[in-house]
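In what follows, a structure is listed as structure tokens, so that the remarks can point back to it.
Keep in mind that this is a model prediction, so the values were computed, not measured. Reminder, nothing fancy here: chain letters follow the sequence lines and each chain counts from 1.
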There are 2 protein chains.
Amino acid sequence: MASTGDDRRPKYQRIADSLREAIQSGEYGPGDRLPGENDLIAEHGVARMTARQALGVLKDEGLAESRKGAGVFVRSFRPLRRRGIQRLSQEQWGSGRSIWSADIETRTLTVDQVAVSEEAAPEHVDRVLDLGQGETVCVRRRRFVLDEKPVMFATSYLPTSVVAGSAITQKDTGPGGTYARLAELGYKPVHFREEIRSRMPTRDEAQQLGISAGTPVILICRTAFADEGRPVEINEMTLDAASYVLEYDFDA
Amino acid sequence: MASTGDDRRPKYQRIADSLREAIQSGEYGPGDRLPGENDLIAEHGVARMTARQALGVLKDEGLAESRKGAGVFVRSFRPLRRRGIQRLSQEQWGSGRSIWSADIETRTLTVDQVAVSEEAAPEHVDRVLDLGQGETVCVRRRRFVLDEKPVMFATSYLPTSVVAGSAITQKDTGPGGTYARLAELGYKPVHFREEIRSRMPTRDEAQQLGISAGTPVILICRTAFADEGRPVEINEMTLDAASYVLEYDFDA
DNA sequence: CCTCTCAACATCTCTAGACATCTTGCTTGA
DNA sequence: TCAAGCAAGATGTCTAGAGATGTTGAGAGG
């Protein structure tokens, strides 16, 4: 099937490769329109499904995205910077500022949806927060949007026995946020662990974050510890990988 | 086109959804064989391309992978844990152990390929390591394999003016590795910055890591600083996201 | 008992169409 | 001048095939 002699790549791969090179060489910049199905059919003399397969490769790689009825376009990558350590130093959350204020540069990151409820702890949460028999947790779910686009959602779990009656169980936790309130309750977080992994989004995640094909999510699970190693919060975050760069600074 | 009344999802999505539920409910466990193209054609009465499209959804999500001639199988997720902070504390690399020894649990992570060369610095490296006019860098490229499978490759850049003549320019850097040698040269790393992002792999990366479709890569760019904020090393790592969980521990 | 060969079966690539649905811009009418 | 409507063009979904290529296991032969 190879039309150019000993080239053993399938047709769709050769078409995808040539488009990829054109993108990486700068021939097509972010936001530019790429040759569509009909262009590739005419240019390479292939069937429509083959042209679609070639474009599918680029979409799966996160290099391009298609808009039905409009065309195929080069994607752009302009991430936020999330600092994992200084953000949580006491000067930050002790002074009335949200810990997220360090994340935003000139663009504004805002909370889109908040829901607070008291629930039974999921199994993996129960295992980490050593809860009493049948003890429930306070669950805080939030979604963050940047320039109209959702970029992250986060779910926090806190033991009811710790936070009952405080502003943590309200939608607005007040100045300094959850960690300032925990400090007032005598459970000042002194140590954090963040665990990070990445995978492709589930259907729900892709929908909630408005993620296009070929974009992974980053999962961060943060555990906050008070004195004597008492875990007081688990925060599971799901980030649009195309919107974030994480940064961790530390000394040897 | 929906055959079951008011279900507006396309056929391939409904097939994919039913398979996904079957996987997540445990009906198919890791490594199990899923119904293949022919099974889906017979079971749902669809064309081959439609059945392929359904299986493609699961492959893109990283839930399944196909082996040509054999079938489609449920993927497993059994990651390594990479600790980002304790690993680099002086007790670790000062005592003759490789900094990677903290990564392995019972399985063995080994270096597969090593290449050392002297090159002109890429633009983004030159910008960070404040190099002299025309100064070259020592480039160390390594690939790491776990149980025969490559899971990461790393490229380190160090200023030639710092490392010339030391064991860092050799394939074997000796006990304690690069950081112990830097300390001996008077450039002991005292501070680190790691920047993390995630995206789908390029063709080359997918080939080098043996990555199957639907698996992202994690990119870690670590900068090591000696006294007075002098950057002495940039290490760009590319990880198979299905093989790693990153962990960062730090105090408030 | 072991090894080699081969047929059955699996996915992969590709064709040539059809209809559906959404976007965009031009044309037409108020 | 502005807005509604419409048509062209774009991608999305789906069919019904065909040949290519890789895997696997059973059977034949040593």
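- Proximity of B:Tyr12 to the phosphate of D:dC14: no side-chain N or O atom is located under 4.0 Å from OP1 or OP2.
- Contact between the side-chain N/O atoms of B:Lys59 and the OP1/OP2 oxygens of C:dC12 is found at a separation under 4.0 Å.
- A donor and an acceptor atom, one from each side chain of A:Glu194 and A:Tyr248, are located under 3.5 Å apart.
- Rounded to 10 degrees, the angle separating the terminal helix axes of the helix from C:dC1-D:dG30 to C:dA30-D:dT1, each built from five base pairs, is 10°.
- Distance from the side chain of A:Thr50 is smallest for C:dT15 among the nucleotides D:dC14, D:dT21, C:dT15.
- Remark on DNA chain C: of its neighbouring residues A:Ala70 and B:Lys68, the 5'-side contact belongs to B:Lys68, judged by nearest-heavy-atom nucleotide.
- Across D:dT13, C:dC12, D:dA10, the shortest atom-to-atom separation from the side chain of B:Arg52 is found for C:dC12.
- One can place CZ of B:Arg33 at 14 Å from P of D:dT23, the figure rounded to the nearest angstrom.
- If you run side chain to side chain donor-acceptor pair (under 3.5 Å) between B:Ser156 and each of B:Glu236, B:Arg142, B:Arg141, only B:Arg142 comes through.
- The phosphate of C:dA10 has neither OP1 nor OP2 within less than 4.0 Å of any side-chain N or O from B:Ser66.
- Rounding to whole angstrom units, CZ of residue A:Arg9 and C1' of D:dA20 are separated by 19 Å.
- Distance NZ (B:Lys11) to P (C:dC19): 16 Å, rounded to an integer number of Å.
- Atom C1' of nucleotide D:dA16 and atom CG of B:Asn38 are separated by 14 Å, given to the nearest angstrom.
- B:Gln170 approaches B:Arg140 most closely through the heavy-atom pair O-NH1, 2.7 Å.
- Between A:Gln53 atom CD and C:dC12 atom C1' there is a gap of 8 Å when expressed in whole angstrom units.
- A:Ile220 pairs with exactly one of A:Asn235, A:Leu239, A:Thr238 by the side chain to side chain contact (heavy atoms under 4.5 Å, CB included) rule, that one being A:Leu239.
- Spacing between atom CG of B:Leu55 and atom C1' of D:dC14 amounts to 16 Å, rounded to whole angstrom units.
- Closest to the side chain of B:Arg67, out of D:dT24, C:dT11, D:dA10, is D:dT24.
- Atom pair B:Glu37:CD and C:dC14:C1' shows a separation of 13 Å (rounding to whole Å applied).
- Annotation: of the two residues near DNA chain D, A:Met49 and A:Gly71, the 5′-most nearest-nucleotide partner is A:Gly71.
- Atom CZ in A:Arg14 sits roughly 12 Å away from atom C1' in C:dT13 (whole-Å rounding).
- Of all non-hydrogen atoms in B:Gly29 and B:Val74, the two that sit nearest each other are O-CB, 3.4 Å.
- No side-chain heavy atom of A:Val145 sits under 4.5 Å from any side-chain heavy atom of A:Val151.
- With hydrogens and angles left out, the side chain of A:Arg48 and the base of D:dG12 share a donor-acceptor pair within 3.5 Å.
- One side chain, B:Asn38 or B:Arg48, offers a donor N or O that lies under 3.5 Å from an acceptor on the other.
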